[in-house]
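Chain letters run A, B, ... following the sequence lines, proteins first, then strands; residues in each count from 1.
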Amino acid sequence: MRKLLIANRGEIAVRIIRACREMGISPVAVYSDCDRIAPHVRMSDEAYAIGPSAPRESYLRIDKLIDAAKQSGADAVHPGYGFLAENEDFAAAVCDAGLTFIGPTPKAIETMGSKTAARAAAIRAGVPVVPGSGTALDAHVSDAEIAKLAGTIGYPVLVKAVAGGGGKGMRIVESPADLASAVRAARSEAGTAFGDSTVYLERRLVRPRHIEVQLLGDLHGTVLPFVERECSIQRRHQKVVEESPSPVVSPALRASMTSAAAAVAKTVGYTNAGTIEFLLDEDGRFYFLEMNTRLQVEHPITEMVTALDLVQWQIRIARGETLDLDPAALLAPRGHAIECRIYAEDPDNNFLPSPGTIVALRAPNGPGVRDDSAASAGLDVPIFYDPLISKLIAWAGSRPLAIARMRRALDEYLVAGIKTTVPFFTWLLAQPEFVDGRFHTTYLDEILASRNGRPFVEPSEDIEEIAAIAAAIHTVLSVPANGHGNGGNGKAAAGRWKTDARLEGLR
Amino acid sequence: MRKLLIANRGEIAVRIIRACREMGISPVAVYSDCDRIAPHVRMSDEAYAIGPSAPRESYLRIDKLIDAAKQSGADAVHPGYGFLAENEDFAAAVCDAGLTFIGPTPKAIETMGSKTAARAAAIRAGVPVVPGSGTALDAHVSDAEIAKLAGTIGYPVLVKAVAGGGGKGMRIVESPADLASAVRAARSEAGTAFGDSTVYLERRLVRPRHIEVQLLGDLHGTVLPFVERECSIQRRHQKVVEESPSPVVSPALRASMTSAAAAVAKTVGYTNAGTIEFLLDEDGRFYFLEMNTRLQVEHPITEMVTALDLVQWQIRIARGETLDLDPAALLAPRGHAIECRIYAEDPDNNFLPSPGTIVALRAPNGPGVRDDSAASAGLDVPIFYDPLISKLIAWAGSRPLAIARMRRALDEYLVAGIKTTVPFFTWLLAQPEFVDGRFHTTYLDEILASRNGRPFVEPSEDIEEIAAIAAAIHTVLSVPANGHGNGGNGKAAAGRWKTDARLEGLR
Amino acid sequence: MHYELDIGGRTRRVALTRSGDDFAVTVDGRTHQVQATRIDAQRWSLLVSAPGRSDTPGRRVSHDVTIASDSTGSLTVHVGSTPVTVAVNGRRRWGRKDDGAVAGSGPQRLAAPMPGKVVRVLVAPGETVKARQPLVVVEAMKMENELRAGRDGTVSEIHAREGVSVDAGALLIVIQ
Amino acid sequence: MHYELDIGGRTRRVALTRSGDDFAVTVDGRTHQVQATRIDAQRWSLLVSAPGRSDTPGRRVSHDVTIASDSTGSLTVHVGSTPVTVAVNGRRRWGRKDDGAVAGSGPQRLAAPMPGKVVRVLVAPGETVKARQPLVVVEAMKMENELRAGRDGTVSEIHAREGVSVDAGALLIVIQ
């Protein structure tokens, strides 16, 4: 393998470029119109335009990606996460073009991409699944039949899209009266989002944790699981903080969960990197939830506690190498790692996206801090894609030290020009429930609702006074671009300031 | 401990600030005239001017440092490394002012700061020392006596300053005829550099390695050693690359060396962080060389392979906490870490210092890369201090992977405006002797001498062509500051370019 | 030099005099000695002496400040990494929290804060709504975003239509 | 547009024509299609098509370029992180390698490359020296730095005196 095309953008493209560099493989980028000077383009050896900014016209265009791979002479393709990473047609098209797909087989993607087929695989592997309808409920299944099934499972019940993910096409039903309308809504949403309106039912566990197991499978039949990741901190079903190990998983529970994960993967002959997601209930019982057949966003925390490089292992597996790792070491974390997903969102405005130009950026660094980022001062966060600008990872000897380190790193993180979720994380990491590890998948939504929009940034009186002092000095010393004048009366200076600041913002 | 004054500057001051932040301690900076907007000033809670830029008028002024500590209400002082870190008078002055000194006792600094007293301590601890004169040779010892001693020790022999360090006041003598003049030269140099012209003799080992053992001692009698650091890559007796673990130290040898190190430290009742330096000869025998009674520049590599924070432990020990670490874990590195000391020096011009303004900076990041730095675009590297601008650390699962990662990180590292040693490290890390771990303390000087000034940066024909293309496009599109014109004839554009580029350099 | 600065809904009167990098800055009658050194167009290092305010007279407090303008003409002053919005001499933001809605009296004109596609309209004309009640869902940057009411009121106009793409600033809903 | 660029002691003739971000750049007779997008005052992203030069026609090679001027009027062009010194239209550096010494004929005037203190003068007037032989030791930035001869010759003037502080550019030694 000499040359690898990365069918993605943003921080994950940069992450894969770094793995390529360390392996002596030449990385090839693709870019949409708005990404011409994005970091992944500038850091690659070659770069190919694949169309307009909207994903369906560029990063989701299998034909253009294969064309770019051929044009560059690449011999492999890494899909990253998102976009086409779990699309079996893309994996198949890559293989059909005679290229190596860095990921599982199209068949494994297809099987585990269906929530019901994945459940069946888990059941075959002897792994408990959340009680549910078992079969997919297409449009022909009547309301009465569905009501009967739901009665068997017990309320509250979840209606979930078979092709779903990220909470889309999902409804929580508390009582039989609401069932039919919830099924209709979920089918409609799933049809729009995934082109497949089939749904299924699942019992809703009370206050479960989301625990997942990373695994690698080579082409020679070996599957190795890794120490678990704790991903229960979610906002509207989207993970926002992950950590490894989980504060509540004992070595015995780790042994059971990781064996179960490996068993599921083996049942479907799984290869390359994948993640088995579990729900862990309050009594310590765990249930298979689903499998992600790709690299996870949160893979770095596993890398920090095991000193392994998962992207490099994906590539090594794809080129036929044997997984010659010590299985015991993969389950014995050194220290504790936490990841915060820094988004271009305004936490004080209902987490609305905040695209725009980053006019100043200071990323944290130093001991135990890793910043997997594609952000840079002067660059735009475009409106077309996921607003993730950086994954900030803190690693230290223990969970309390890792929390302290993450708080220090967040304090160092300065992003001006757009809003980010940095202030939200500063708040979250100070919550007693987080510090004590007492949380579950709905904890964050509950506590956010109870705050009722109170701002995360509440500057102290002292800080506001310093801001006033700085703003006054800045205004009086801001001179126009022609270099004349300095000061004068306040109003005129303030007027000039605005123009200057805009010019400065363009740099 | 609520507030800590950092009696230092540069990257180590930033490093200590980060430890303070993670422990909830308020960091206080001091600065000389040229450091007013240095990162350590801006990252601290408070900052105090201590005088002109020359170190002897600021960072070496004990009175001003104690004044600043009192003015701020600090209750502790961290000396960093260099400047007053190994000055027992400073440690004593801090204690006399009722403040906590983050480091060993003045007595321990004094004892281990004398090369001959330190040798005596090692001998008392039963640790082998390099055969030598044993006693200090002051100006009254005659040439004849010295010649007799040298004959006993055997040639080649080293003449070393008792108060020495960094190769100053040191001479290698190959034969008896050169001895007297070498002693004279070493005495004179030592007198100028350290104010103490006393020297001693030591046998010169052939092609030894420099291996050192980090240790921590608490106030309750516990001393714990850490996995060794390999520091044999030196230019003119200055370490430039360090790694942990050493590629040649077996677990058995590690057990012997670390026990020996702990024994020396216990002999002098050592507390806080310190490092015992050994020479390891080609037959695997090791000899006590000296002790550094402070935090080492290269402490981060130990932190990466053990997941511990040595600066935080220094502070915890100073406030009386017990060293409750698992001794076995400290000797069991996970992965491999390498540090390159990035200097503002021109490797293609005999490593001459290259102070000036950093006009652009891109620091590496991502998996396993740590950049302990105080450099920033737009800031000056002043002429008054050590030209270290960053310590770049790469950590990975194995030594070959760590080397590959460091090479990747060096490729990402862009510093414009001044020369740095980045190209030198890119070259060094590709040398077969380095890759194979076959080196010793004189390896680098020998290979540098044999290169006879050949440049480290030798751009390929392709790269020169791209540089030509970029320079031409840049020149044609550089417009004057008044915003008029664009292009015109080449000569005029080039003339304008110069002015523009200077303006740009000021940003 | 005198300024009126709006911060967090409060107006502060600031007067300053300058001597090189040293400023005497009076905020609402309290004077601070400030050494302000410019780092670049956006960044400042402030050392503030505040005698009488602390148990330790002569303390010199260090603040790293980054100043950027936002699209509304206000300044965002980052003190360390804490953002503070400052409007100089009446240059207030035209919109505030809650999806561009302005709390208080007068009609609320809910505008799209970013380009996107209207996924759902959750209210009907004439409907009574409460503050923070979701009104419209707009999909942008791969996320569905709820735009909420800034205050209690009655829906008087609906311009948003499901499935239609909108530009930033497009009027979606008016609440009386 | 035509330029003469000196790189590594060789002169290259460059001609270019422009159409928006797209340039046709001819270097010593070989033409490259280049899309050059400016990132800021110093940085560029180049995508270079070089048909006929590669086994894969249609390859688009990406180069991240940072350009800074040095004190001599030359450009330092970082291609990725590799620095290349480029003199545009005869703006050559006045000094080159080896401590400001110029290889070749004519007297070598050794100047201090940075401010510092002369620690040792290692040669005497009239002494014959070899290229790369150490001439003077200057202490700066806590290090002792050897300044070396740029070529073989004879020491004709010594201005350096031990223990004396010197500014950058101060003449230390002349070799004929």
Side-chain angles (χ1 to χ4, degrees), chain B residues 55 82 168 238 344-346 348-356 359-360 362 382-387 410-417 419 422-423 452-453 455 457 459 463-477 487 489-491 493-494 497-498 500-502 504-505 507, chain D residues 1-5 7-8 10 12 14-16 18 23 25 27-28 30 32 34 36 38 41-44 46 48 61 63-71 73 75-84 86 88-89 91 97-99 113-116 132 140-148:
Chain B
K168 274 195 183 166
Q238 300 275 356
E345 292 176 345
D346 184 356
D348 286 343
N349 198 357
N350 200 24
F351 292 89
L352 285 182
S354 176
V359 298
R362 182 187 58 216
I383 61 164
F384 300 98
Y385 315 112
D386 185 289
L410 290 167
D411 279 349
E412 287 184 19
Y413 219 128
L414 170 77
V415 186
K419 308 280 189 187
V422 167
N452 202 24
V457 181
I463 292 292
E464 289 194 351
E465 204 161 70
I466 295 299
I469 290 169
I473 291 173
H474 183 82
T475 301
V476 80
L477 289 188
N489 74 64
K491 276 235 188 270
W497 172 86
K498 196 173 159 183
D500 294 347
R502 282 189 178 149
E504 287 158 11
R507 287 185 193 158
Chain D
M1 290 294 270
H2 295 270
Y3 296 99
E4 288 193 357
L5 305 181
I7 299 176
R10 241 184 73 200
R12 282 153 214 262
V14 180
L16 52 86
R18 179 187 179 194
F23 294 80
V25 186
V27 181
D28 289 344
R30 197 157 55 191
H32 308 261
V34 181
R38 193 164 205 156
Q42 301 175 310
R43 291 182 299 165
W44 295 85
L46 305 188
V48 181
V61 180
H63 292 285
D64 193 41
V65 176
T66 304
I67 302 183
S69 65
D70 68 19
S71 53
L75 303 184
T76 302
V77 178
H78 281 85
V79 180
S81 59
T82 304
V84 181
V86 181
V88 180
N89 289 349
R91 299 183 172 275
K97 289 205 190 73
D98 291 300
D99 322 339
M114 68 275 169
R132 295 192 50 75
M141 297 177 93
K142 294 184 65 195
M143 299 282 281
E144 293 192 357
N145 307 283
E146 287 176 355
L147 307 189
R148 301 183 178 206

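Separation of atoms CG (D:L147) and CG (B:L352) is listed at 5.5 Å; rounding is to 0.5 Å. Atoms NE2 and CD1, on D:H63 and B:I469 in that order, are 8.0 Å from each other to the nearest 0.5 Å.
For D:L5 against B:A468, the heavy-atom pair with the smallest separation is CD1-O, 3.3 Å. Contact between B:L477 and D:R18 at its shortest, heavy atoms only, is CD2-NH1, 3.0 Å. Taking both residues in full, the closest heavy atoms of D:H78 and B:V415 are given as NE2-O, 3.3 Å, listed atom of the first, atom of the second, then distance. In terms of heavy atoms, D:G80 sits closest to B:L414 at O-CD1, 3.7 Å.
Between chain D and the residues B:V457, B:I466, B:D411, the most heavy-atom pairs under 4.5 angstrom are made by B:I466. Ranking B:A360, B:P423, B:P355 against chain D, the residue ahead of the rest is B:P355, based on heavy-atom pairs under 4.5 Å. Comparing D:V61, D:V27, D:T76 by heavy-atom pairs within less than 4.5 Å of chain B, the highest count is held by D:V27. Ranked by non-hydrogen atom pairs under 4.5 Å with chain D, the options B:P459, B:G356, B:A472 are led by B:A472.
In this structure, B:V476 and D:Y3 have side chains that are in contact, with non-hydrogen atoms separated by less than 4.5 Å. Here the side chains of D:S81 and B:L410 are not in contact, with every heavy-atom distance at 4.5 Å or above. You'll find the side chain of D:V77 stays beyond 4.5 Å of the side chain of B:H474, heavy atoms only.
For chain B, no part of D:D28 is nearby; none of its heavy atoms comes within less than 4.5 Å. For B:V422, no part lies under 4.5 angstrom from a heavy atom of chain D.
Between B:E464 and D:R10 there is no salt bridge, since no side-chain N of the basic residue sits under 4.0 Å from a carboxylate O of the acidic one.
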